[in-house]
Protein chains: 2
Amino acid sequence: MNAELRAQLVERGIAPDCVETIVVVRDVLARVGDKWTMLVLSALKDGPMRFTALHEHVAGISQRMLGHTLGALTRDGLTTRTAYAEVPPRVEYELTDLGRSLAAAVDHLVGWVAQHQDEITDNRARADALD
Amino acid sequence: MNAELRAQLVERGIAPDCVETIVVVRDVLARVGDKWTMLVLSALKDGPMRFTALHEHVAGISQRMLGHTLGALTRDGLTTRTAYAEVPPRVEYELTDLGRSLAAAVDHLVGWVAQHQDEITDNRARADALD
DNA sequence: CGGTATCCTTGAAGATACTG
DNA sequence: CAGTATCTTCAAGGATACCG
């Protein structure tokens, strides 16, 4: 896991707490940057949603990946899971304050991309044109 | 590739330009969130660097992945590649304005993580404690 | 020095089926 | 309804070797 990375960084003379930050930042960025997390966070921005609603709202996600993603988010305290003892069962997911705060930070990045997408796709197209 | 995703989104009645943004945002976030891009961007923040220097500075990256990462960044116009006709050859990479701008946006997110890492790791530890 | 090509391993994620 | 379990596929990424 991250043990070797830590070792490498320490070996390079990087301060321990800085190493810790680097490792966690990577962890969280990897999570945010994965295929679904951002979309789930964004879907939850307007309020609590239940599993099936999320499944329908996030286009293309499988039941399995939705379960995994929500599990990870809840584990990290970014969402809460509330199960109601009803028949049929109902489970709602909601952003925590921490989750909302992260969603805002992500939004900042998303805003940047939205603002510069033309520039990037143009650059890419131009680079590809040269083969 | 992204064709099916586009199709799914369109099918769901999402506005075409919005679909485009979603797709590009995912693309760019996936790139930023990958294992190395952020670290390379961060390494380049203080000025141009040559290939070998980057290889040493970014702990644990393989030559292959450094090549790939720099290729992608350059393709997207986030870095420039300058080769000097010398012996031995020298190649320097440098952030473009666009790249610096992205690095700043990423920094914002990194700042968030750095600020909340304790909270997250605590939550995770607590969740794990319950098995 | 600064890469690219090749091979190979492994983990991420989809499809499908089953359960409280 | 809200998941988990199992199987399988597929591509990211590491090791290694080679080349301009």
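A, B, ... follow the sequence lines: proteins, then strands. Residue 1 opens every chain.
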Test your reading of the model: is there a side-chain donor-acceptor pair from A:Thr74 to the backbone of A:Gly71, 3.5 Å cut-off? no

Aromatic ring proximity, centroids under 6.0 angstrom, A:His108 and A:Trp112: no

Using residues 55-69 of chain B as the side-chain source, report each donor-acceptor pair under 3.5 Å to any protein atom, sequence neighbours left out, with the distance given to one decimal.
from, atom 1, to, atom 2, distance (Å)
B:His55, NE2, B:Ile61, O, 3.1
B:Ser62, OG, B:Met65, N, 3.2
B:Thr69, OG1, B:Met65, O, 2.7

Let me have a per-nucleotide readout for nucleotides 5-20 of chain D, 5' to 3', with B, S or -, counting only protein heavy atoms under 4.0 Å. -B------BBB-B--B

I'd like to know if the side chain of B:Ser101 and the backbone of B:Asp97 have a donor-acceptor N/O pair within less than 3.5 Å. no

For residues 40-51 of chain B, which residue pairs qualify under side-chain hydrogen bond (donor to acceptor under 3.5 Å, both in side chains), counting only residues two or more places apart or in two chains? B:Lys45-B:Asp107

Does A:Tyr93 place a side-chain N or O at less than 4.0 Å from the phosphate oxygens OP1/OP2 of D:dG3? yes

With rounding to the nearest 0.5 angstrom, report the CD to CD1 distance, B:Gln115 to B:Ile120. 11.5 Å

When rounded to whole Å, the NE2 to P distance for the pair A:His68 and D:dA2 reads 18 Å

For B:Asp27, give me all partners under salt bridge (Lys or Arg N to Asp or Glu O under 4.0 Å), at least two apart in sequence or on another chain. A:Arg124

Decide yes or no for B:Leu44 and B:Met49: does some side-chain heavy atom of the first lie under 4.5 Å from some side-chain heavy atom of the second? yes

Can you list, by residue number, the residues of residues 77-87 of chain B that have a non-hydrogen atom closer than 4.0 angstrom to DNA chain D? none

Which residues in residues 39-59 of chain B have a heavy atom closer than 4.0 Å to any atom of DNA chain D? none

Indicate yes or no: does B:Asp34 engage B:Arg31 in a salt bridge with an N to O separation below 4.0 Å. no

Are a donor atom and an acceptor atom from the side chains of A:Thr96 and A:Thr80 found within less than 3.5 Å of each other? no

Can you tell me the distance, in whole Å, between the CZ atom of A:Arg31 and the P atom of C:dA12? 10 Å

